[in-house]
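For reference, the structure discussed in these notes is given below.
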Amino acid sequence: PLKYPSHFPVGLKGMFTVFKNKRLLKVYDHFVTVSETSKHDLISILKIPAHKITVVYPCVPGNFTQQSRTPLPTYIPKDYFIYVGDVTWNKNITMLAKAVKRANASCVFVGRAFADMQTAGTNPWLKELRLFAHEVKDDPRFIFPGYVENDVLASLYKNAMANVFLSHDEGFGFSYIEAASQKTPSILADIPVFHEIAGTHALFVNNKDEEMITQALLAIRDTSEQERTKLGIDANAHIKKYKNTEFKHSLQSVINALL
């Protein structure tokens, strides 16, 4: 709401909550956030001094560190892309749906929020979901397993041709490291935070360019399985730095500095 008020409008209650929380920020000694991009937002929007903020990158969830052997549900097609996440404006899922249709591909959309597509109502925060629901209505190329446990999610990542994440803005981007943990490549929006997290180890696209996104989907689908595997292995090697031990060490260092 503070960064994109036109897409996330708040009422009087929300305005009061923001006012109250801004005052509460003054009582904290230090802040931990998940990326340099997020740190920049805390400085520019909430006016928190830079010296009071430390970036500690999250680690790959433990459930994803082992190769998954959980069978896929029978309704999952052989060749598919995957999206895992929320449904608000910044996720840009309607553009993804248009590109999937244009490429005549299949895409699995994982997340509890997709169960609410028919009951999105008039909530302005769910406008993107209503547009998306209209775009994908009665189209069998779009598959919605809803919420799934991590072992099933790991299998869905592992068997996907690519993870696709076309957000306008993010604080981090968990689906990239989750997919990479299963040696699955990613197609990412060309935005600063994804370059920060993925480096050069993903395929970047202009998330407002439907044709470019479509061509990226086709390039991944039409390349050989060997080449896709190579891209996935490259991403997997890159995320080795997002270790549980590194996360603990970085967080402990912040705590020790404050004691």
Side-chain angles (χ1 to χ4, degrees), residues 7 61 63-64 68 70-121 123 125-182 184-189 191 194 202-203 205 207-208 210 212-214 216-218 220-221 228 232:
H7 295 287
N63 309 66
F64 290 87
S68 175
T70 303
L72 289 179
T74 56
Y75 57 81
I76 300 297
K78 181 179 182 295
D79 296 317
Y80 63 91
F81 295 94
I82 187 170
Y83 167 85
V84 180
D86 209 344
V87 297
T88 47
W89 165 81
N90 59 300
K91 302 299 183 178
N92 201 22
I93 54 175
T94 303
M95 178 62 78
L96 172 55
K98 290 179 178 179
V100 167
K101 290 169 70 172
R102 193 165 175 176
N104 192 25
S106 294
C107 192
V108 175
F109 289 80
V110 182
R112 197 187 306 274
F114 289 102
D116 301 327
M117 282 198 296
Q118 306 309 319
T119 58
N123 185 334
W125 286 32
L126 295 180
K127 180 181 178 181
E128 181 75 11
L129 180 58
R130 291 191 292 273
L131 294 172
F132 174 81
H134 176 75
E135 192 70 39
V136 306
K137 185 177 180 181
D138 299 326
D139 193 325
R141 293 171 293 188
F142 297 89
I143 300 97
F144 302 99
Y147 170 81
V148 298
E149 297 294 340
N150 276 353
D151 57 339
V152 177
L153 180 56
S155 286
L156 286 169
Y157 275 127
K158 182 177 177 60
N159 290 280
M161 292 185 290
N163 167 59
V164 191
F165 211 24
L166 304 178
S167 299
H168 296 299
D169 201 348
E170 290 288 341
F172 184 71
F174 264 106
S175 74
Y176 171 75
I177 64 171
E178 289 175 346
S181 75
Q182 300 305 306
T184 297
S186 287
I187 300 171
L188 302 177
I191 59 175
F194 288 160
L203 180 59
V205 295
N207 66 352
K208 299 180 179 67
E210 184 181 330
M212 186 178 186
I213 299 165
T214 302
L217 295 175
L218 291 172
I220 290 290
R221 186 181 68 184
R228 283 200 300 270

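For reference, positions follow the sequence shown, starting with 1. Everything quoted here is computed from the prediction, not taken from an experiment.
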Output the distance between atom CD1 (I177) and atom CG (N163), rounded to the nearest 0.5 Å.
11.0 Å
L218 side, atom CG; N104 side, atom CG - distance, nearest 0.5 Å
9.0 Å
Taking all non-hydrogen atoms of both residues into account, name the closest pair between P185 and M161 and its distance.
CG-O, 3.5 Å
Does any N or O in the side chain of Y83 come within less than 3.5 Å of the main-chain N or O of L166, such that one atom is a donor and the other an acceptor?
no
Have a look at K91 and tell me which of L129, L96, D169, D86 forms a side-chain contact (heavy atoms from CB on, under 4.5 Å) with it.
D86
Any sub-3.5 Å donor-acceptor pair from N92's side-chain atoms to H168's backbone N or O?
no
Write down the atom of S181, the atom of E178, and the distance for their closest heavy-atom approach.
OG-O, 2.6 Å
List the atom of Y80, the atom of S155, and the distance in Å for their closest heavy-atom pair.
OH-O, 4.0 Å
Would you say that more than 12 heavy atoms from the other residues, nucleotides or ligands in this model lie under 6.0 Å from the NZ of K101, or not?
yes
Look up atom CG in N150 and atom CG in L156, then write down how far apart they are to the nearest 0.5 Å.
11.0 Å
Atom CD1 of I187 and atom CD1 of I220: how far apart are they, to the nearest 0.5 Å?
5.0 Å
Determine whether E210 and R102 satisfy the following criterion, salt bridge (Lys or Arg N to Asp or Glu O under 4.0 Å), listing intermediate values before the conclusion.
CA-CA 9 Å; E210 184 181 330; R102 193 165 175 176; 3.6 Å; yes
side-chain hydrogen bond (donor to acceptor under 3.5 Å, both in side chains) involving T184 - partner list, sequence neighbours excluded:
none
As an exercise, state the distance from CG of L131 to CE of M95, rounded to the nearest 0.5 Å.
11.5 Å
From V136, I93, I143, residue fulfilling side-chain contact (heavy atoms from CB on, under 4.5 Å) relative to F114:
I93
Could I get the full list of ring-ring contact (aromatic ring centres under 6.0 Å, His included) partners for F194, not counting sequence neighbours?
F165
Looking only at heavy atoms, which two atoms of I191 and S167 are closest? And how far apart?
CD1-O, 3.5 Å
Under 3.5 Å, side chain of E128 to main-chain N/O of N90, donor-acceptor pair present?
no
What distance separates L217 CG from S106 OG, expressed to the nearest 0.5 Å?
11.5 Å
Given V108, L153, V152, the one that forms side-chain contact (heavy atoms from CB on, under 4.5 Å) with P145:
V108
For the side chain of R228 and the backbone of A162, is there at least one donor-acceptor N/O pair under 3.5 Å apart?
no
Between A216 and V205, what is the shortest heavy-atom contact and its length?
CB-CG1, 3.7 Å
